[in-house]
Undergrad: 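Quick one: the structure is below, and I'll ask about it shortly.
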Amino acid sequence: MIPYTKTAVKLLMEGAKALAKVEGDGIRMDVEYLDRTIKKMSQKIQDLETNLKQNEVAKEWRKVYGAKTNFGSAVQLGKVLFDVLKYKSSALTASGRYKTDEATLSSIDLPFVRDYLEIKKLQKIHTTYLQGIRREIVGGYLHPFFNLHTTRTFRSSSDSPNFQNLPVRNPELGKMVRRAFIPRPNGHLVEMDYSGIEVCIAACYHKDPRMIEYISDPTKDLHRDMAMECFALPKSEMSNPTDEEDRKRIKQIRYCGKNMFVFPQFYGDWYRHCAASLWQATKQMKLKLRDGSSMRRHLAKKGIKNLSGFEEHLKKVEDFFWNKRFPTYNQWKKDWFRAYQKNGYLLTKTGFICQGHMRRNEIINYPVQGSAFHCLLQALIWFVRHDLKKRKMQAKIVGQIHDSIVADVPDNEMAEFVPLAKEIMIERLRERWKWINIPLTVEIEASPINGSWADKKGIKE
DNA sequence: AAACAGTGCGCG
DNA sequence: AAAGCGCGCACTGTTT
């Protein structure tokens, strides 16, 4: 993929300059907190390891491997569990070895395996995040790199450390890491997030009227609707929560619809794979109905008794999704792929050409992923190279995560900064790129004054 | 010692 | 007809 039009080249050049400024400014870090937490974490992991090594399974492991024993080796673990102890292996890797990822291992009901997974998780936090970040801090500031030249789709990437994959989905671990990121004195860390930008940008390509309706009407909710269809639930089960717990229950089911059906389908997944993850989720996430009965039981009542029955059901859901619900989107995918087959390249809305040997799913996804990021990049360029400078503001952009921008804003500039952010990211962008014919929305969260990134909350506007 | 493939896992 | 897109980092085990 190479930049094609003049405007695309300009976007990359200005983007590189803006990001260089972001890298140079850096983000302030709470080094004392980090050092303290690294120490605590090392101790905790060491204790858990000592415990693990006394387990019967560990003894068996040593019997097999002797001096070569390495509790960090997933290959050894696989042999011990599946060859020696004869547990049933449910999946193999691409090269035919036993799979030992969390999804596979969590089905084995052994204290050893549970503890092993717990240690793994903590080790990831310790080495990749806490230590990995600490190593890169200079003079109290962290300067992650943001690259525009590494990615197939002309998104960005980040490294040393990667600022774009800090933990967040697990709230406890997310907070532990994000607590280390702080604003400059008397400032706020502010995160501005384009909501559902890839879905919006996809709609600018395919222009499916029913999808546009979903995006434009705030009372509509595609993820919830698809969760309902996937699990054969009536609307009453997914609306008007009775209490806080019920709200969480609905949220979990919606999460499954979003991340195990809707997004995978957009990216070119198919019903069997979706069925497998959803089916597993009913058990692993212990999905329930309002009366407390299990999702599996509910499905059984609907005549869906096992995975293959669920696959059949998902096949119908998928068919309806593409052929009845979003036929225009479906047709666009076909036409878009055919055009690539004929021409040998594709052109994105932001002026980039992708060429070379690509698979169908790549053809569908690259233009969307790239253009969505370019919206963010253009906004970031305006912030860094135009508006903040012109207004002589002290606010700084300190990072970027594909569809969100992180800024460090002095308390006395907040009232100016927030409306400016909305103006740049929504109005000005739509003015510049007329092909964006979908309303964009931006969610803004901020830390309290002098508070860390872990404490960010939605702000009143 | 450095490079590489394979695996797993963090994020959008 | 084919069958999730894009990244970076740590670690193991092998090859150069």
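Each chain gets a letter, A, B and so on, in the order the sequences are listed, and its residues count up from 1. Bear in mind that the values here come from a model prediction, so they are computed numbers and not experimental data. Note that these values count all heavy atoms, side chains included, but never hydrogens, waters or copies made by symmetry.
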Undergrad: Of the nucleotides dG13(C), dG12(B), dC7(C), which one has an atom closest to the side chain of S73(A)?
TA: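 The closest nucleotide is dG13(C).
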Undergrad: All N/O contacts under 3.5 Å from nucleotides 14-16 of chain C to the protein, with atom names and distances to one decimal?
TA:
none

Undergrad: OP1 or OP2 of dG12(B) sitting under 4.0 Å from any side-chain N/O of S404(A)?
TA: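 False: S404(A) side-chain N/O out of range (4.0 Å or more) of dG12(B) OP1/OP2.
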Undergrad: Could you check how far CZ of R134(A) sits from C1' of dA10(C), rounded to whole Å?
TA: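 Rounding to the nearest Å, CZ of R134(A) and C1' of dA10(C) are 20 Å apart.
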Undergrad: H402(A) has an atom NE2; how far is it from atom P of dC5(C), in whole Å?
TA: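 Going from NE2 in H402(A) over to P in dC5(C) covers 16 Å.
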Undergrad: With a 3.5 Å distance limit and no angle check, can you tell me whether E443(A) reaches the backbone of G458(A) through a side-chain donor-acceptor pair?
TA: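 Not confirmed, E443(A) side chain does not pair with G458(A) backbone.
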Undergrad: Looking across every strand, which nucleic acid part, if any, lies under 4.0 Å from K120(A) by heavy atom: base, sugar-phosphate, or nothing?
TA: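 Here K120(A) touches no strand at all.
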Undergrad: Classify the side chain of R155(A) versus the base of dG12(B) as yes if they form a donor-acceptor pair under 3.5 Å and no if they do not.
TA: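 Donor-acceptor pair under 3.5 Å: yes.
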Undergrad: S158(A) near the nucleic acid: base, sugar-phosphate alone, or nothing, with a heavy-atom cut-off under 4.0 Å?
TA: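 It contacts sugar-phosphate atoms only.
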Undergrad: Can you confirm whether Y345(A) is buried at OH, in the sense that more than 12 heavy atoms of other residues, nucleotides or ligands lie under 6.0 Å from that atom?
TA: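 Count not over threshold, so no.
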Undergrad: For DNA chain B, which residues in residues 92-110 of chain A have a heavy atom at a distance below 4.0 Å?
TA: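 Nucleic-acid contacts, sorted: T93(A), A94(A), S95(A), R97(A), K99(A), T100(A), D101(A), E102(A).
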Undergrad: How close or far is atom P of dA3(C) from atom CD of E311(A), stated in whole angstroms?
TA: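 Rounded to whole Å, this separation is 17 Å.
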Undergrad: Mind checking whether L278(A) and F231(A) have side chains closer than 4.5 Å, heavy atoms only?
TA: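 In contact.
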Undergrad: Once you measure the plane-to-plane angle for F181(A) and W453(A), does it fall in the parallel (<30°), tilted (30-60°) or perpendicular (>60°) bin?
TA: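 Ring orientation, 0 to 90° scale: perpendicular.
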Undergrad: Parallel under 30°, tilted from 30 to 60°, perpendicular over 60°: which one fits the rings of F352(A) and H374(A)?
TA: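 Ring orientation of F352(A) relative to H374(A): parallel.
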Undergrad: Taking only the side-chain nitrogens and oxygens of T128(A), find out if one of them lies under 4.0 Å from OP1 or OP2 of dG10(B).
TA: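 Answer is no, no contact under 4.0 Å.
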Undergrad: Determine the sole option in R360(A), E362(A), M358(A), Q355(A) for which the side chain to side chain contact (heavy atoms under 4.5 Å, CB included) test with Y340(A) is passed.
TA: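 Option passing the side chain to side chain contact (heavy atoms under 4.5 Å, CB included) with Y340(A): M358(A).
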Undergrad: Suppose the criterion is salt bridge (charged side-chain N to carboxylate O under 4.0 Å, His left out): which pairs have a residue in residues 37-49 of chain A, not counting sequence neighbours?
TA: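 The answer is none; no pair qualifies.
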Undergrad: If you compare every side-chain N and O of R135(A) against the phosphate oxygens of dC9(C) (OP1, OP2), does one of them come in below 4.0 Å?
TA: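 R135(A) to dC9(C) OP1/OP2: no side-chain N or O under 4.0 Å.
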Undergrad: Classify the nucleic acid contact of Q76(A) as base, sugar-phosphate or nothing, counting any heavy atom under 4.0 Å across all strands shown.
TA: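 Sugar-phosphate contact only.
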Undergrad: Please list all pairs passing the ring-ring contact (aromatic ring centres under 6.0 Å, His included) test where one or both residues lie in residues 95-135 of chain A, with sequence neighbours left out.
TA: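 Residue pairs passing ring-ring contact (aromatic ring centres under 6.0 Å, His included), neighbours aside: F82(A)-Y98(A).
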Undergrad: If you draw a 6.0 Å radius around OH in Y205(A), do more than 12 non-hydrogen atoms from other residues or ligands fall strictly inside?
TA: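 Counting neighbours around OH of Y205(A), more than 12 heavy atoms of other residues, nucleotides or ligands fall under 6.0 Å, so yes.
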Undergrad: Going by an N to O cut-off under 4.0 Å, is there a salt bridge joining E56(A) and K59(A)?
TA: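 Answer for the salt bridge query: yes.
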Undergrad: Whole-Å distance between dG10(B) C1' and Y129(A) OH?
TA: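 Interatomic distance, OH of Y129(A) to C1' of dG10(B): 3 Å.
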Undergrad: Taking all atoms of both residues into account, what is the closest heavy-atom pair of L376(A) and I405(A), and its distance?
TA: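 Residues L376(A) and I405(A), closest heavy atoms: CD1-CG1, 3.5 Å.
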Undergrad: Please lay out, stage by stage, how H223(A) and F261(A) fare under the test ring pair (Phe, Tyr, Trp, His ring centres under 6.0 Å).
TA: CA-CA 8 Å; H223(A) 302 313; F261(A) 186 83; over 10 Å; no
Undergrad: Which angle, to the nearest 10 degrees, lies between the helix axes at the two ends of the helix from dA1(B)-dT16(C) to dG12(B)-dC5(C), each defined by five pairs?
TA: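 Comparing the axis at each end, I get an angle of 10°.
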Undergrad: Considering only side-chain heavy atoms of T153(A), which listed nucleotide, dA3(C), dG6(C), dA1(C), is closest?
TA: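 Of the candidates, dG6(C) comes closest.
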Undergrad: Please evaluate the base of dG10(B) for a donor-acceptor partner in the side chain of N165(A) within a cut-off of under 3.5 Å?
TA: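 Flag set: donor-acceptor pair detected.
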Undergrad: Looking only at the side chain of N162(A) (C-beta and beyond, no hydrogens), which of the listed nucleotides dG6(C), dC9(C), dG8(C) gets closest?
TA: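 Output: dG8(C).
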Undergrad: Kindly state which residues belonging to residues 53-64 of chain A come within less than 4.0 angstrom of DNA chain B, counting heavy atoms of the residue only, listed by number.
TA: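 Heavy-atom cutoff 4.0 Å gives no residues at all.
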Undergrad: Rounded to the nearest Å, what distance is computed from the CG atom of residue N365(A) to the P atom of nucleotide dA2(C)?
TA: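 Interatomic distance, CG of N365(A) to P of dA2(C): 18 Å.
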Undergrad: Looking at the base of dC11(B), is there any donor atom on it, or on the side chain of Q164(A), that sits under 3.5 Å from an acceptor on the other one?
TA: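 Between dC11(B) and Q164(A), which were checked side chain against base, a qualifying N/O pair under 3.5 Å is absent.
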Undergrad: Please determine if E14(A) and K17(A) form a salt bridge, counting it only when a charged side-chain N lies under 4.0 Å from a carboxylate O.
TA: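 No, E14(A) and K17(A) are not salt-bridged.
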Undergrad: Indicate, with a heavy-atom threshold strictly under 4.0 Å, whether E362(A) touches base, sugar-phosphate, or nothing.
TA: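 Answer is sugar-phosphate: E362(A) comes under 4.0 Å of backbone atoms only.
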Undergrad: Mind calculating the distance between CD1 (I133(A)) and P (dC9(C)) to the nearest angstrom?
TA: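 Taking CD1 of I133(A) and P of dC9(C), I get 12 Å after rounding.
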Undergrad: What nucleic acid atoms does D269(A) come within less than 4.0 Å of, heavy atoms only: base, sugar-phosphate, or nothing?
TA: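 It contacts base atoms.
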Undergrad: Could you give the CD1-to-C1' distance, from I45(A) to dA10(C), as a whole number of Å?
TA: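 Computing the I45(A):CD1 to dA10(C):C1' distance gives 13 Å.
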Undergrad: From CG of L77(A) over to P of dT12(C), roughly how many Å is that when rounded to an integer?
TA: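 For the pair L77(A) CG and dT12(C) P, the rounded distance is 13 Å.
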Undergrad: Of the nucleotides dG4(C), dC7(C), dG10(B), which has the atom closest to the K124(A) side chain?
TA: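 Given the options dG4(C), dC7(C), dG10(B), the side chain of K124(A) is closest to dG10(B).
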Undergrad: Tell me, please, whether W61(A) has K53(A) positioned over its six-membered ring: NZ or CZ under 6.0 Å from the ring centre and within 45 degrees of its axis?
TA: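 Verdict for W61(A): no cation-pi partner in K53(A).
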Undergrad: If you look at every strand shown and take non-hydrogen atoms under 4.0 Å, does S156(A) touch a base, only sugar-phosphate, or nothing?
TA: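 Nothing: the residue S156(A), judged by heavy atoms under 4.0 Å, touches no strand.
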Undergrad: If only side-chain N and O atoms of R169(A) are considered, is one of them under 4.0 Å from the OP1 or OP2 phosphate oxygen of dC11(B)?
TA: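 Yes, such a contact exists.
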Undergrad: Does R325(A) make a cation-pi contact with F320(A) (under 6.0 Å, within 45 degrees of the axis)?
TA: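 No, R325(A) and F320(A) do not form such a contact.
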Undergrad: How about F417(A) and F383(A): are their ring centres within less than 6.0 Å of each other?
TA: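 That pair passes the under 6.0 Å test.
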Undergrad: Answer with base, sugar-phosphate or nothing: what part of the nucleic acid does V75(A) contact at a heavy-atom distance below 4.0 Å?
TA: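 The answer is nothing, as V75(A) stays clear of every strand by at least 4.0 Å.
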Undergrad: From dC11(C), dC5(C), dA1(C), pick the nucleotide closest to the side chain of R360(A)?
TA: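 The listed nucleotide nearest to R360(A)'s side chain is dA1(C).
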